[in-house]
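Structure record follows, encoded as structure tokens.
Starting from 1, each residue takes its place in the sequence as its number.
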Amino acid sequence: MGFLNIEKRNQSERKPLKRIQDWDEYRLVMPEAEVRQQAARCMDCGTPYCQIGTVLNRGTTGCPIHNLIPEWNDLVYRGLWREAYDRLIKTNNFPEFTSRACPAPCEGSCTAGIVSDPVSIKSVERSIIEHAFAEGWVVPKPPLRRTDKKIAVIGSGPAGMACADQLNKIGHNVTVFERSDRAGGLLMYGIPSMKIEKDVVDRRVRLLEDEGIVFKTGVDVGKDITESELRAEFDAVVLCTGAGKHRDVPIEGRQLSGVLPAMDYLTASNRHLLYQEPLLPDLDAHGKKVIVIGGGDTGEDCVATAIRQGCKSVVQFGKHGQLPGKRVENNPWPEHPNVFSLDYAYHEAEELFGKDPRAYYVETKKFLGNASGHVTSLMTGSFKSETVAEKKWDADLVLIAIGFKGAEDRLFDDFQIDRDPSGRKVQANDQDYQTSEDGVFAAGDVRRGATLIVWAIEEGRRAAASVAMYLDRKPSPLVNE
Ligand SMILES: Cc1cc2nc3c(=O)[nH]c(=O)nc-3n(C[C@H](O)[C@H](O)[C@H](O)COP(=O)(O)OP(=O)(O)OC[C@H]3O[C@@H](n4cnc5c(N)ncnc54)[C@H](O)[C@@H]3O)c2cc1C
Ligand code: SF4
């Protein structure tokens, strides 16, 4: 009942004007005494909505991996960190990723949130896993016995890593194929290091390698190794290739240089930091007027990146209006609350430039350029009203962050698998994750559409369980006994 007299606190954040001078994580782990107090706010509800993990009104409600939240809250409150860690990893393969970047749908459906502020679940989760790493509890645990079964997981994002982890734990031989030169999927080259530092991703990949999973990076499946070669070598294949096909803005002037997809920009920035690779001028926001088209999280990460690169100004166009200050009637608890918040990038922009960079209902009509074919400005109207006059905005760099269309077309041809009715995702249900091809499974963004790390982990885990059952139907003599 601590929520009655203890105020909610979250992981504290480094000061915006200070943190924009580097690329380190902007959130800090909560001190131990404080996190124990925060955990005491949990009511240990009979029906813990925080862990239901479902979709209500098209939004995620509760924790999709069904983290045992009230149990570990109580253990943390009592200072039983080891036990809390053991409970946490029963459901979550990678708490160090979720506790940094998850939007915490668990908190949106926390019962305390009906009458007060929800429990700081994500902060408690982060403290548990950081505590475990600091204490040396997170060590490789290779399986004691190996089967003779071989599984190929294509894609090393959170879905692929979770799937590989689960299958390896039961002794199967797992190889993860990754097109990029580094494992981690969007955790490595999409999400900026202010949210998840890259050594946090490398650390987990090393642990998985030490447990026996083979990562083959720089291998583009479909080109460097064909589907039939894979099928000949492996007993099952799991596609965890993400939803990398991005949406575009096919309007006049789109071909101008300086107008580019957000992912090209974010990937280049991450590579620049990891390898000190020079940034091409078009991928560097330094001294530029930047416009980000798209009001979502990818757009927000572009804002934060442009600020760190030293942009002159930044504006982010959203299609929709500003969210309300509190829940509206058609968004009741336990749904995830769609309410206004000043997330990290907006806070930084406000402190640096004196205003929130977001502009609402903005429809981009055309891009204008100079004689050398570089963008100089763009024209906009309004998604809300046709009577709003067209407006001209100066721009030297325009980043398109309006979401993802889904799986890459090549995949369907390479693997001869069916599309779902939308045509954008791989057809496979969330019971067996089996595609239209026997022995080929799909999990994560490629099956679900662009979503969250926590859903990708859940999909990877469930697909692994289905693969294990599929393999059980084949005789599986144990080797290395
Ligand atoms: C900019 C950005 C910020 C985000 N921020 C957040 C956030 O804060 N919180 C959150 O919860 N979610 C966030 N997300 C969403 C989250 O990153 C994704 O939902 C998640 O990474 C999906 O995991 P996945 O494993 O399905 O796919 P991915 O992470 O996309 O991994 C797929 C992998 O497959 C590889 N691949 C593709 N084709 C092939 C092939 N033919 N051969 C070999 N390898 C191949 C790709 O190179 C890639 O590494 C963000 C997404 C973006 C783009
Ligand atoms: S993974 Fe996300 S939803 Fe689940 S407990 Fe952690 S922060 Fe909450």
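The closest donor-acceptor contact from the side chain of N331 to the backbone of N338 lies under 3.5 Å. Between the side chain of R462 and the backbone N or O of D430, at least one donor-acceptor pair lies under 3.5 Å. At distances below 3.5 Å, at least one donor-acceptor pair connects side-chain atoms of E197 with backbone N or O atoms of E25. Judged purely by atom type and a 3.5 angstrom limit, Q434 uses its side chain to pair as donor or acceptor with the backbone of E437. In this structure a side-chain-to-backbone donor-acceptor pair under 3.5 Å is present from Q416 to D413. Formation of a donor-acceptor pair under 3.5 Å by the N173 side chain with backbone atoms of T147 is found in this model. The closest donor-acceptor contact from the side chain of D220 to the backbone of K223 lies at 3.5 Å or more, if one exists at all. Side-chain atoms of E211 do not come within 3.5 Å of backbone N or O of P143 as any donor-acceptor pair. S372 places no side-chain N or O within 3.5 Å of a backbone atom of H374 that could act as its donor or acceptor partner. No side-chain donor-acceptor contact under 3.5 Å links T435 to the backbone of A442.
Contact detail for R410 and G222: the closest heavy-atom pair is NH2-CA, 4.1 Å. Summarising the geometry of P192 relative to N270, their closest heavy-atom pair is CA-OD1, 3.9 Å, with the distance given to 0.1 Å. Residues I453 and A101 share a closest heavy-atom pair of CD1-CB, 3.8 Å. Summarising the geometry of S269 relative to T305, their closest heavy-atom pair is OG-CG2, 3.4 Å, with the distance given to 0.1 Å. Shown here for V200 and F97, the closest heavy-atom pair between the two residues is O-CE2, 3.8 Å. The two atoms that bring S109 and C50 nearest to each other are OG-CA, 3.6 Å, heavy atoms only.
A salt bridge links R448 to E459: at least one charged side-chain nitrogen sits closer than 4.0 Å to a carboxylate oxygen. In summary, K195 and D297 do not engage in a salt bridge, as defined by a charged side-chain N under 4.0 Å from a carboxylate O. Between K90 and E71 no salt bridge is recorded (no basic side-chain N to carboxylate O distance below 4.0 Å). With respect to the salt-bridge test (charged N to carboxylate O, under 4.0 angstrom), the residues D409 and K245 qualify.
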Test log, rule side chain to side chain donor-acceptor pair (under 3.5 Å), inputs R182 and Y189:
CA-CA 9 Å; R182 233 171 149 122; Y189 284 132; 5.0 Å; no
Set out, in order, the CA-CA distance, both residues' side-chain angles and the distance that settles salt bridge (Lys or Arg N to Asp or Glu O under 4.0 Å) for D248 and R254, then state yes or no.
CA-CA 9 Å; D248 214 329; R254 170 62 186 87; 2.7 Å; yes
I'd like to know whether K365 forms a salt bridge (Lys or Arg N to Asp or Glu O under 4.0 Å) with E252, so could you lay out the CA-CA distance, the side-chain angles of the two residues, the decisive distance to 0.1 Å, and finally the verdict.
CA-CA 8 Å; K365 299 272 197 185; E252 192 181 327; over 6 Å; no
Test side chain to side chain donor-acceptor pair (under 3.5 Å) on T98 and N92 and set out the steps.
CA-CA 9 Å; T98 50; N92 193 350; 3.0 Å; yes
Give the intermediate values and the outcome of salt bridge (Lys or Arg N to Asp or Glu O under 4.0 Å) for residues E178 and K216.
CA-CA 6 Å; E178 170 55 55; K216 291 196 174 173; over 6 Å; no
Check step by step if salt bridge (Lys or Arg N to Asp or Glu O under 4.0 Å) holds for K198 and D202.
CA-CA 6 Å; K198 302 310 158 197; D202 285 340; over 6 Å; no
In sequence, state the C-alpha distance, the side-chain angles, and the governing distance for L279 and H286, and then conclude on side-chain contact (heavy atoms from CB on, under 4.5 Å).
CA-CA 11 Å; L279 268 180; H286 186 77; over 6 Å; no
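Residues Y344 and D301 bring a donor and an acceptor atom of their side chains to less than 3.5 Å of each other. For the residue pair T226 / E229, a side-chain donor-acceptor distance below 3.5 Å is found, with atom types taken as modelled. Between the side chains of N168 and R146, at least one donor N or O lies within less than 3.5 Å of an accepting N or O. Judged purely by distance below 3.5 Å, without hydrogens or angles, the side chains of R447 and Y433 never pair a donor atom with an acceptor atom. Residues Y275 and D181 have side chains that bring a donor and an acceptor to within less than 3.5 angstrom of each other. In this structure, a donor-acceptor pair under 3.5 Å is present between the side chains of T91 and N67.
Taking the salt bridge (Lys or Arg N to Asp or Glu O under 4.0 Å) definition, one finds that E125 meets it with nothing, sequence neighbours left out.
For the ring-ring contact (aromatic ring centres under 6.0 Å, His included) criterion with F317, the lone passing option out of W393, F383, Y360, Y361 is W393.
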Which atom pairs, donor and acceptor, lie under 3.5 Å between side-chain atoms of residues 55-66 and protein residues at least two apart or in another chain?
{"unit_1": "N57", "atom_1": "ND2", "unit_2": "N330", "atom_2": "O", "d": "3.4"}
{"unit_1": "N57", "atom_1": "ND2", "unit_2": "E335", "atom_2": "OE1", "d": "3.2"}
{"unit_1": "T60", "atom_1": "OG1", "unit_2": "W455", "atom_2": "NE1", "d": "2.8"}
{"unit_1": "H66", "atom_1": "ND1", "unit_2": "Q51", "atom_2": "O", "d": "2.9"}
{"unit_1": "H66", "atom_1": "ND1", "unit_2": "I52", "atom_2": "O", "d": "3.2"}

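Relative to the six-membered ring of Y346, R358 meets both conditions, a distance below 6.0 Å and an angle of at most 45° to the axis. Cation-pi check for R419 over F412 is met; the charged atom lies under 6.0 angstrom from the ring centroid and within 45 degrees of its normal. For the pair K150 and F234, the cation-pi criterion (under 6.0 Å, within 45° of the ring axis) is fulfilled.
F441 has its ring centre less than 6.0 Å from the ring centre of Y470.
Within the 4.5 Å cutoff, no side-chain heavy atoms of P48 are placed close to those of I69. Between T217 and V176 the shortest side-chain heavy-atom distance does not fall below 4.5 Å. Side-chain contact check for D86 versus L88: every heavy-atom pair is 4.5 Å or farther apart.
Between the CG atom of D22 and the OG atom of S193 there is a distance of 8.5 Å, given to the nearest 0.5 Å. I457 CD1 to C163 SG: the interatomic distance, rounded to the nearest 0.5 Å, is 12.5 Å. Atoms CZ and CD, from R82 and E135 in turn, are 9.5 Å apart once rounded to the nearest 0.5 Å.
Few gaps surround CZ on F404; more than 12 heavy atoms of other groups in view lie less than 6.0 Å from it. Other residues, nucleotides and ligands place no more than 12 heavy atoms under 6.0 Å from the NZ atom of K312.
Among residue pairs with one or both ends in residues 125-160, those qualifying as ring-ring contact (aromatic ring centres under 6.0 Å, His included) are W81-H131, H131-W137; sequence neighbours excluded.
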